[in-house]
Structure formats: C-alpha cells, structure tokens
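Worksheet: one structure, shown below.
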Amino acid sequence: MSEHLTATYDRRADVLYITTRPGAPARSKHGHYGLVLRYDLESGEPIGVTVVDFAEFWRHRTEQLIDEIAAHLQAPREAAYDAVHKHLH
C-alpha cells in the first residue's frame, strides 16, 4: 500500500499523471473512461494511473476518479484526494 503519490498535470494535453514510483519502467493497460493503468514492468505491481481528459471529463466526477485511483494503487483515499485536488484549478 502506497501512501505517497506523485502527481503532475499537463494542461495542454489535459492529462494527469499519478505514480507511486516516478521514472520506474512500466507497462500500461487501458482502463475505462480514459484511465490508463500502469504496472511495474518486473513485478506487475500497480504503480500509476494516467488520466486522459482530466479537466474535460473528470472535473465533475472527482469522487469516482479518487476511488478509482485509490483502488488501483492500493493507496489511502486521502492520498488520491490530495493528488487529484492539487491540480483542479
């Protein structure tokens, strides 16, 4: 379970990147609603979520997004909340 999430937002592309291990090699699996789930290349452990159309699609669905991120990363909901709300402007 990871309590520290690193989040960066590319405003031009409207993509939010959330990871437990920045720079770690990963493989991706497309989830639903524009979520790309990232897994450690060697262990298969969930290490990130890429949120496509963050402001356009997710702005009014933040509770669902927070739940999706927390569940995938096995992180406390508060950590997912902080990562998402830090970039809602």
Side-chain angles (χ1 to χ4, degrees):
M1 177 193 275
S2 178
E3 294 190 20
H4 179 72
L5 303 179
T6 300
T8 56
Y9 178 56
D10 181 336
R11 188 175 308 277
R12 187 175 300 168
D14 192 20
V15 176
L16 178 67
Y17 303 94
I18 299 174
T19 185
T20 59
R21 297 200 322 245
R27 65 176 178 82
S28 299
K29 176 182 175 187
H30 289 272
H32 58 283
Y33 304 117
L35 298 180
V36 179
L37 309 176
R38 298 177 42 80
Y39 299 87
D40 181 89
L41 202 54
E42 291 182 19
S43 71
E45 174 186 345
I47 62 168
V49 178
T50 301
V51 183
V52 178
D53 296 328
F54 173 63
E56 181 180 334
F57 182 82
W58 289 103
R59 179 169 299 280
H60 302 290
R61 298 169 180 89
T62 56
E63 294 304 310
Q64 179 185 356
L65 178 59
I66 291 164
D67 289 341
E68 296 276 349
I69 292 167
H72 176 67
L73 296 177
Q74 302 170 11
R77 193 172 192 286
E78 296 78 23
Y81 176 94
D82 290 345
V84 168
H85 281 274
K86 173 179 171 181
H87 296 285
L88 284 176
H89 303 293

Looking at every non-hydrogen atom in both residues, tell me the closest pair between [X] and [Y] and how far apart they are.
{"X": "T6", "Y": "H4", "value": "OG1-NE2, 3.5 Å"}
{"X": "D10", "Y": "A13", "value": "OD1-N, 3.0 Å"}
{"X": "Y9", "Y": "A55", "value": "OH-CB, 3.7 Å"}
{"X": "G48", "Y": "L73", "value": "N-CD2, 3.2 Å"}
{"X": "A7", "Y": "I18", "value": "CB-CG1, 4.0 Å"}
{"X": "A24", "Y": "R38", "value": "O-NH2, 3.9 Å"}

Starting at [atom1] of [X], measure out to [atom2] of [Y] and round the result to the nearest 0.5 Å.
{"X": "E78", "Y": "I66", "atom1": "CD", "atom2": "CD1", "answer": "10.0 Å"}
{"X": "D14", "Y": "E56", "atom1": "CG", "atom2": "CD", "answer": "6.5 Å"}
{"X": "R27", "Y": "I47", "atom1": "CZ", "atom2": "CD1", "answer": "10.0 Å"}
{"X": "I69", "Y": "L16", "atom1": "CD1", "atom2": "CG", "answer": "6.5 Å"}
{"X": "E63", "Y": "R77", "atom1": "CD", "atom2": "CZ", "answer": "4.5 Å"}

(message) Please determine whether residues F54 and V36 belong to a single hydrophobic cluster, defined as Ile, Leu, Val, Met, Phe, Trp and Tyr linked transitively by side-chain heavy-atom distances below 4.5 Å.
(response)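 In one cluster: no.
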(message) Could you check whether atom NE2 of H30 has more than 12 heavy atoms from other residues, nucleotides or ligands sitting under 6.0 Å from it?
(response)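 Counting neighbours around NE2 of H30, 12 or fewer heavy atoms of other residues, nucleotides or ligands fall under 6.0 Å, so no.
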(message) Does Y81, at its OH atom, have more than 12 non-hydrogen atoms belonging to other residues, nucleotides or ligands within less than 6.0 Å?
(response)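 No - once you tally the heavy atoms of other residues, nucleotides and ligands closer than 6.0 Å, there are 12 at most.
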(request) Answer whether the closest heavy-atom distance between the side chains of T20 and L5 falls below 4.5 Å. (result)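 A side-chain contact exists here, since the closest heavy-atom pair is under 4.5 Å.
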(request) Report yes if some heavy atom in the side chain of E68 is under 4.5 Å from a heavy atom in the side chain of L35; otherwise report no. (result)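 Yes. Closest side-chain heavy atoms under 4.5 Å.
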(message) Looking at F57, I'd like to know if the NZ or CZ of R61 sits under 6.0 Å from its six-membered ring centre while staying within 45 degrees of the ring's axis.
(response)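 Judged by the rule (NZ or CZ under 6.0 Å from the ring centre, within 45° of its axis), R61 counts as positioned above F57.
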(request) Give the C-alpha distance, both sets of side-chain angles, the deciding distance and a yes or no for side-chain contact (heavy atoms from CB on, under 4.5 Å) between V51 and V15. (result) CA-CA 5 Å; V51 183; V15 176; 6.0 Å; no
(request) Step through it carefully: locate the ring centre of H87, locate the ring centre of Y17, and say whether they are under 6.0 Å apart. (result)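 So the answer is no for these two rings.
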(request) Classify the angle between the aromatic ring planes of Y33 and W58 as parallel (below 30°), tilted (30 to 60°) or perpendicular (above 60°). (result)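 Judged by the thresholds at 30° and 60°, the geometry between Y33 and W58 is perpendicular.
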